[in-house]
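One structure is given below, encoded as structure tokens.
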Amino acid sequence: METTQFPLIISVDDHTVEPPGVWQDRLPRKYRDVGPRIVRAPLKEMTFLGGRFKPVMGDPGATDGPLGDWWVYEDLRRPLTRLDTAVGCARDEVRLEVITYEQMRAGSYDVSARLADMDVNHVQSALCFPTFPRFCGQTFTEAADKELALLCVRAYNDWTVEEWCGPEAGGRLVPLPLIPLWDARLAAEEVRRNAARGARAVAFSEIPPHLGLPSVHTDEWDPFLAACDETGTVVAMHIGSSSRMPSTSADAPPAVGSTITFANCCFSMVDWLMSGKFERFPNLKVMYAEGQIGWIPYILERADVVWEENRGWGGIADKVRRPPSELFAEHVYGCFFDDAFGLRSLDAIGVGNVLYETDYPHSDSTWPKSREVGEAQMGHLPADVVERIVRGNAIELLGLTPEGLWR
């Protein structure tokens with residue numbers, strides 16, 4: 001494949017670091033002193049073991065530790081870290097440390113700078129997951145004041161639709177709203193509110209019970225799923241959206257979890273395939289951001305065997321009436337940014353079920369060489385297949401224009 005022929009990328013998994021004013025500019029005045037706000041303070045201590053991130057903020061104004069910008073909201077103290085925005089740094093400089101806005105690449109939070117970095121990376125359009133709310137809004141789900149939390153969800157959605165993906169972005173940034181996970185009916189209302197202004201995706205948890213929420217095997221999520229089904233809204237699940245990254249023990253180093261990040265996607269996909277939801281909601285689509293794709297063929301093979309041989313006692317005979325692999329082909333999308341093995345397994349996965357991503361600005365990101373990585377890993381594929389993976393499938397799934405733009 002000639003370099004000039006590689007299609008412009010539509011990334012279905014990038015991230016935004018929210019500017020300080022997202023909530024302060026949008027919440028009612030009475031909530032501004034208690035809503036999410038930025039405080040500059042030193043780091044007291046921070047660990048990341050067994051998949052658990054535990055930072056401790058020092059006193060604002062003190063100088064007894066490295067200074068960082070912290071989101072403060074109710075009892076939560078969450079710092080900006082180098083892992084949130086690592087692009088532009090040498091790999092050896094990417095450490096678990098607190099940072100300020102001035103120490104990160106401006107494309108992390110500024111629209112014009114983001115578009116410039118997308119140009120450098122051969123990226124036309126991008127769907128971005130949040131940072132402070134976490135990947136599906138867990139921050140607000142865990143909050144004590146649910147009235148304020150709902151306002152925070154709506155404020156984030158207003159910001160992402162009207163400003164982050166607003167006129168300055170020229171259709172190149174694609175909105176990914178949040179929902180109030182604690183109430184499926186409120187979630188359905190929020191899906192419809194944002195679908196009415198063009199949003200075609202919504203963030204959700206890969207494994208809701210890890211957040212103390214009902215599983216997809218219950219009927220609790222049906223109002224939300226019905227809204228997604230009716231509006232053509234894609235359920236987008238990012239690794240870690242259950243607030244629990246895979247690990248093996250409390251003292252396992254981060255490298256263990258980093259190697260098996262796909263595991264939550266694997267577990268989640270089996271949940272969905274065995275839930276009966278795809279047959280109840282025939283227009284429903286789900287996607288797994290940053291889960292890679294090389295693991296999918298075996299899971300589909302095993303799921304089909306279980307469905308064929310064990311469904312009588314496996315609790316699915318009355319609700320899963322078709323082989324899971326068929327349901328996968330119609331409803332599920334795997335997303336990758338660096339998976340040469342998965343690309344050699346496309347026949348078993350399905351060309352129409354694969355999406356491309358760059359993970360900007362995280363430490364795993366292929367920026368600024370996503371094009372080169374794609375060329376190296378997809379060079380054996382026909383041009384029409386590359387076109388579908390790199391942009392065509394995303395255009396269809398997210399309802400983008402034929403040119404690959406939002407609205």
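In this chain, numbering begins with 1 at the start of the sequence shown. Values below: every heavy atom of this structure, side chains too, minus hydrogens, waters and symmetry copies. All of these numbers come straight from a predicted model, not from anything done at the bench.
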Tell me the closest heavy-atom pair linking [X] and [Y], and the distance in Å.
X: Glu206; Y: Ser268; value: O-OG, 2.8 Å
X: Pro223; Y: Ala184; value: CB-O, 4.0 Å
X: Ser249; Y: Asp251; value: OG-OD1, 2.7 Å
X: Pro208; Y: Pro214; value: CB-O, 3.2 Å
X: Asn264; Y: Pro246; value: OD1-CG, 3.7 Å
X: Gly291; Y: Cys265; value: CA-SG, 3.7 Å

For the rings on [X] and [Y], is their centre-to-centre separation under 6.0 Å?
X: Phe281; Y: His331; result: no
X: Tyr109; Y: Tyr101; result: yes
X: Phe224; Y: Phe204; result: yes
X: Phe140; Y: Tyr73; result: yes
X: Tyr288; Y: Tyr333; result: no

Tell me, yes or no, whether the heavy-atom count around [X] atom [atom1], taken from other residues, nucleotides or ligands under 6.0 Å, exceeds 12.
X: Asp33; atom1: CG; value: no
X: Lys44; atom1: NZ; value: no
X: Asp59; atom1: CG; value: no
X: Asp75; atom1: CG; value: no

Charged N to carboxylate O under 4.0 angstrom, [X] versus [Y]?
X: Arg391; Y: Glu387; result: yes
X: Glu375; Y: Arg371; result: yes
X: Glu93; Y: Arg82; result: no
X: Arg26; Y: Glu163; result: yes
X: Lys285; Y: Asp229; result: no
X: Arg154; Y: Glu190; result: yes
X: Asp158; Y: Arg193; result: yes
X: Arg105; Y: Asp117; result: yes
X: Arg172; Y: Asp119; result: yes
X: Arg280; Y: Asp219; result: yes

[Y] versus [X], side-chain donor and acceptor atoms under 3.5 Å:
X: Glu357; Y: Ser11; result: no
X: Asp14; Y: Thr358; result: yes
X: Asn121; Y: Ser370; result: yes
X: Asp339; Y: Gln377; result: no

(Q) According to salt bridge (charged side-chain N to carboxylate O under 4.0 Å, His left out), who are the partners of Glu162, at least two apart in sequence or on a separate chain? (A) Arg197

**Q.** Listed partners of Arg322 passing salt bridge (charged side-chain N to carboxylate O under 4.0 Å, His left out), at least two apart
**A.** Glu326, Glu330

Q.
Determine whether Phe337 and Tyr356 satisfy the following criterion, ring pair (Phe, Tyr, Trp, His ring centres under 6.0 Å), listing intermediate values before the conclusion.
A. CA-CA 6 Å; Phe337 57 83; Tyr356 201 43; 8.6 Å; no

Please check this pair: side chain of [X] against backbone of [Y], looking for a donor-acceptor N/O pair closer than 3.5 Å.
X: Trp221; Y: His217; result: no
X: Thr259; Y: Ala255; result: yes
X: Glu308; Y: Ala303; result: no
X: Glu74; Y: Ala144; result: yes
X: Thr231; Y: Ala227; result: yes
X: Arg311; Y: Ala317; result: no
X: Trp307; Y: Val320; result: yes
X: Trp164; Y: Val161; result: no
X: Asn353; Y: Val332; result: yes
X: Thr85; Y: Thr81; result: no

Close side-chain approach of [X] to [Y], heavy-atom, < 4.5 Å:
X: Ile293; Y: Phe262; value: no
X: Phe6; Y: Ile9; value: yes
X: Asn157; Y: Ile179; value: no
X: Ile389; Y: Leu346; value: yes
X: Leu284; Y: Val235; value: yes
X: Cys152; Y: Pro36; value: yes
X: Cys128; Y: Leu176; value: no
X: Pro133; Y: Trp23; value: yes

Q. Which residue pairs pass the ring pair (Phe, Tyr, Trp, His ring centres under 6.0 Å) test when at least one of the two sits in residues 386-407, sequence neighbours left out?
A. none

Q | Residue that, paired with His15, satisfies ring pair (Phe, Tyr, Trp, His ring centres under 6.0 Å) out of Phe132, Tyr360, Phe135 | A | Phe135

(Q) Below 30° counts as parallel, above 60° as perpendicular, anything between as tilted: where do the rings of His238 and His362 land? (A) perpendicular

Q: Quick one: do Phe278 and Leu273 satisfy side-chain contact (heavy atoms from CB on, under 4.5 Å)? Show the steps, please.
A: CA-CA 7 Å; Phe278 293 139; Leu273 292 175; 4.1 Å; yes

Q: Determine, stepwise, if the pair Glu290 / Thr261 fulfils side-chain contact (heavy atoms from CB on, under 4.5 Å).
A: CA-CA 8 Å; Glu290 208 172 323; Thr261 52; over 6 Å; no

Q. Is there a side-chain contact (heavy atoms from CB on, under 4.5 Å) between Asp84 and Ser108 once you walk through the steps?
A. CA-CA 9 Å; Asp84 293 329; Ser108 303; over 6 Å; no

**Q.** Derivation of the side-chain contact (heavy atoms from CB on, under 4.5 Å) call for Phe129 and Arg134
**A.** CA-CA 8 Å; Phe129 285 83; Arg134 310 215 296 280; over 6 Å; no

Q: Answer yes or no for Lys277 and Trp272: cation-pi contact, defined as NZ/CZ to six-membered ring centre under 6.0 Å and angle to ring axis within 45°.
A: no

